[in-house]
Each structure stands twice: as structure tokens, then as C-alpha cells.
Amino acid sequence: MTQQSSQLSSIEKEELPAQAALSTQSVTLAYEQNVIAKDLSVDIPHGKFTVIVGPNGCGKSTLLRSLSRLLVPQSGEILLNGKNIHSQSTKEVAKKLGLLPQSAIAPDGIKVIDLVSRGRFPHQKWFQPWSEADQQAVELAMQATGVIDYAELNVDQLSGGQRQRVWVAMALAQETSLLLLDEPTTYLDIAHQIELMDLFQDLNQIQGHTLVAVLHDLNHACRYADHLIMIKSGQVIATGAPNEIVTEAIIQQVFGLSCLILTDPVSNTPLIIPRGRKTAN
């Protein structure tokens with residue numbers, strides 16, 4: 001971590017407004033006639049690592065798509081720093097919010113440095129030359145994510161974990177204080193999952209980014225999140241810190257899973273142990 005990146009984080013924190021970083025206000029989310037969520041309201045607090053969890057098909061990724069402005073609600077509104085996100089221009093939103101989509105695909109043959117540099121798009125104007133500020137933002141993003149040594153390699157030469165870090169670097173190069181992550185550890189082995197989750201935790205706790213992630217792994221969610229949103233059938237069942245809301249009864253209600261809740265000896269967070277059919281009784 002450079003002193004300069006720490007200074008940038010401090011500036012971001014000082015400028016944050018008091019209201020939620022991002023919120024949905026009684027939204028109905030649907031794909032054509034298929035309603036996924038109705039009258040859904042959530043708040044994403046500033047400076048927190050928020051994780052959205054729930055069973056398959058419950059609306060997690062749909063909610064994230066709406067928060068990232070990719071899906072327009074049929075009713076209700078999405079607020080970004082207190083202002084309707086759809087009343088803001090694409091570039092205006094991109095200066096405030098970065099998105100790491102699920103299974104992002106890089107153009108064939110593109111170098112790492114070139115992909116990360118695309119994160120500067122929101123700050124570019126017609127005929128404006130590449131500036132020192134652009135170069136510095138890209139270098140800081142690559143240093144923060146540990147991909148500076150891969151700068152001249154093609155993205156398709158990298159491992160899955162390394163590619164995910166490059167996509168995170170591109171999002172960081174946008175210089176946004178808010179990052180949305182859609183199932184970022186999918187298809188990664190356990191070592192790369194932990195490596196990436198540790199990176200996200202550092203971005204939140206050290207650099208001050210507000211993070212929102214959709215995760216399938218409940219134990220990862222409990223270990224790394226300081227704010228959980230648990231969803232079932234398009235409705236919020238529980239929200240709060242993992243130590244406060246994760247119980248055997250809630251896991252049974254949301255996932256239909258009989259389990260034991262222990263304390264993780266490493267992180268002191270809830271550790272979910274499925275009972276399975278043979279041990280449920």
C-alpha cells in the first residue's frame with residue numbers, strides 16, 4: 001500500500017454523504033413478465049463489506065444487476081448516494097460505481113495493462129490525451145491487486161485467479177469508492193478463492209472501498225462480510241452483521257438446510273456445518 005493510495009482513500013471517506021451508499025426503494029424487479037422480486041428495499045451502508053446470500057434463483061444477481069444500473073426496476077427506484085441512479089448519466093455513475101461481472105471475458109489478445117487502462121473510460125473526454133493522472137490511477141490499481149508484474153502479458157495467458165485480480169484492477173482504475181462483485185470466486189480453487197477474498201477485505205478495511213458481493217459460500221460470507229443481506233424468493237429475510245443474524249433457524253428458513261453453527265477459531269465468525277440427511281436427527 002502506497003502512502004498516496006492511503007491519502008486517496010482518506011479523501012474518499014471525507015467526501016462520503018451520510019445516507020446509504022446505494023439502496024433500493026420498494027422496487028419490483030422482473031425480466032419481461034417473470035417477476036423476481038416485489039416491493040424489495042435494501043440499504044448498502046458506506047464503508048462496509050456487504051455480502052448478499054440466498055438459494056439459487058432467489059434474486060441475488062438480479063438485485064446486483066439493478067444496483068449496478070443494468071436492470072431498470074418496473075416500479076420503485078434505485079438510489080446512488082441519495083439520487084436516482086437512472087437519472088444520472090452512464091459516465092457519472094461509472095465515476096462512482098465499479099462492477100466486476102460474473103464470468104467477465106476479455107477481448108482476445110489484450111494485454112493486462114490495456115485491459116486495466118479501460119477503467120479510465122469514465123474520466124476520458126473526446127480528444128483528451130492520456131494524462132499523468134490516468135497513468136498513476138492504473139499503476140496504483142495494479143499495485144493494489146498485485147498484477148503489476150503481468151502488465152505486458154496477454155490476459156488469456158493468466159490463471160483464473162490472476163485474471164480475476166486484473167478485472168478488479170480495472171474496476172479500481174475507475175477510482176470509485178463503491179465496487180459491486182457478482183460471484184467473484186466462481187470457478188476458482190479454494191486457494192485462489194481465499195486469496196481473492198483477502199484482497200477484497202483489504203480494499204474495504206485498508207483502502208476504504210464500499211464493497212457489495214454476491215456469494216454462494218456461506219462460510220466465506222460469514223468470515224469476510226461485516227454486513228449480510230439474506231434473501232429468499234426475492235424478499236429480505238434478515239440483514240445485519242453475521243454474528244448477529246446467522247442462526248441455525250435462519251439457515252433452515254432461507255436454505256432449507258439443517259446445520260450446526262460453531263465459532264470459526266480463526267476469524268471468530270459463524271461457521272456453518274451442514275448436518276446432512278444421515279445426521280439431521
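- Taking all atoms of both residues into account, the shortest heavy-atom contact from Leu40 to Gly234 is CD1-O, 3.6 Å.
- Formation of a donor-acceptor pair under 3.5 Å by the Asn154 side chain with backbone atoms of Asp156 is not found in this model.
- In this structure a side-chain-to-backbone donor-acceptor pair under 3.5 Å is missing from Arg223 to Thr269.
- For the pair Val168 and Phe200, the minimum side-chain heavy-atom distance is below 4.5 Å.
- Closest heavy-atom contact between Ala141 and Ala169: CB-O, 3.3 Å.
- Counting only distance, with no hydrogens or angles, the side chain of Thr239 and the backbone of Ile229 share no donor-acceptor pair below 3.5 Å.
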With a 3.5 Å cut-off and sequence neighbours excluded, list the donor-acceptor pairs that the side chains of residues 240-254 form with protein atoms.
| from | atom 1 | to | atom 2 | distance (Å) |
| --- | --- | --- | --- | --- |
| Thr247 | OG1 | Ile250 | N | 3.1 |
| Glu248 | OE2 | Ile261 | N | 3.4 |
| Gln252 | OE1 | Ser258 | N | 3.4 |

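- Atom CG of residue Leu257 and atom CG of residue Leu218 lie 8.0 Å apart, to the nearest 0.5 angstrom.
- Between Glu183 and Lys60, none of the side-chain N atoms (NZ, or NE/NH1/NH2) sits under 4.0 Å from a carboxylate O, so this pair counts as no salt bridge.
- In the hydrophobic cluster analysis, where Ile, Leu, Val, Met, Phe, Trp and Tyr join through side-chain heavy atoms closer than 4.5 angstrom, Leu70 is grouped together with Val42.
- Nearest heavy-atom pair, Thr176 versus Gly98, reported as atom, atom and distance to 0.1 Å: OG1-N, 3.5 Å.
- No continuous path of ILVMFWY side-chain contacts below 4.5 Å connects Ile272 to Leu260, so the two sit in separate hydrophobic clusters.
- Counting heavy atoms from C-beta on, the side chains of His209 and Leu172 come closer than 4.5 Å.
- To the nearest 0.5 Å, atom OG of residue Ser26 and atom CD of residue Glu77 are 9.0 Å apart.
- Arg69 contributes no side-chain N or O that, together with a main-chain N or O of Leu97, makes up a donor-acceptor pair within less than 3.5 Å.
- Checking side-chain atoms of Gln25 against main-chain N and O of Leu79 turns up no donor-acceptor pair under 3.5 Å.
- Between Pro45 and Thr50 there is a side-chain heavy-atom pair separated by less than 4.5 Å.
- The line from CG of Leu196 to CD of Gln164 is 6.0 Å long, rounded to the nearest 0.5 Å.
- Residues Met197 and Phe49 meet the side-chain proximity criterion, which asks for heavy atoms closer than 4.5 Å.
- Although no hydrogens or angles enter the test, the distance criterion places a donor-acceptor pair under 3.5 Å between the side chain of Gln193 and the main chain of Leu188.
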Checklist line | Chi angles and distances behind the side-chain contact (heavy atoms from CB on, under 4.5 Å) call for Leu100, Leu179 | finding: CA-CA 8 Å; Leu100 178 61; Leu179 294 176; over 6 Å; no
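- Contact annotation: the side chain of Val166 approaches that of Val116 to within less than 4.5 Å [non-hydrogen atoms, C-beta and beyond].
- In this structure, Gly119 and Gln174 approach most closely via the heavy-atom pair O-CG, 3.1 Å.
- One finds the CD atom of Glu92 at 8.0 Å from the NZ atom of Lys95 (value rounded to the nearest 0.5 Å).
- Thr28 places no side-chain N or O within donor-acceptor distance of the main-chain N or O of Gln74, the cut-off being under 3.5 Å.
- Taking CG of Leu63 as the start and CD1 of Ile78 as the end, the distance is 7.5 Å to the nearest 0.5 Å.
- Side-chain contact annotation: Glu139 with Gln135, donor-acceptor N/O pair under 3.5 Å present.
- Hydrophobic clustering (side-chain heavy atoms under 4.5 Å, transitive across Ile, Leu, Val, Met, Phe, Trp, Tyr) keeps Leu64 apart from Val72.
- Note that CG of Leu211 is 5.0 Å distant from CG of Asn204, once rounded to the nearest 0.5 Å.
- For CG of Asn34, the number of neighbouring non-hydrogen atoms (other residues, nucleotides, ligands) closer than 6.0 Å is greater than 12.
- Residues meeting the side chain to side chain contact (heavy atoms under 4.5 Å, CB included) test with Ile110, sequence neighbours left out: Ala106, Pro107, Asp114, Leu115, Arg118, Val155.
- In terms of heavy atoms, Ser159 sits closest to His192 at OG-NE2, 4.1 Å.
- Not a single donor-acceptor pair under 3.5 Å links the side chain of Ser267 to the backbone N or O of Asp264.
- For the pair Phe121/Lys91, a side-chain contact is recorded, criterion being any heavy-atom separation below 4.5 Å from C-beta on.
- Two different hydrophobic clusters hold Tyr224 and Val266 under the rule that ILVMFWY side chains link at heavy-atom gaps under 4.5 Å.
- Inter-residue side-chain proximity for Val147 and Leu158 is flagged as unmet; no heavy-atom pair is nearer than 4.5 Å.
- Of the possible donor and acceptor atoms, none in the side chain of Asp43 sits under 3.5 Å from a partner among the backbone N and O of Ser23.
- The cluster map of Ile, Leu, Val, Met, Phe, Trp and Tyr, joined by side-chain heavy atoms under 4.5 Å apart, puts Tyr31 and Ile231 in the same cluster.
- Contact between Thr210 and Gly47 at its shortest, heavy atoms only, is OG1-N, 2.7 Å.
- Judged by distance alone, with hydrogens and angles left aside, the side-chain atoms of Glu175 form no donor-acceptor pair with the main-chain N or O of Ala137 at under 3.5 Å.
- No more than 12 heavy atoms of other residues, nucleotides or ligands sit less than 6.0 Å from atom CD1 of Ile105.
- Leu178 is not listed as a side-chain neighbour of Asn81, based on a closest heavy-atom distance of 4.5 Å or more.
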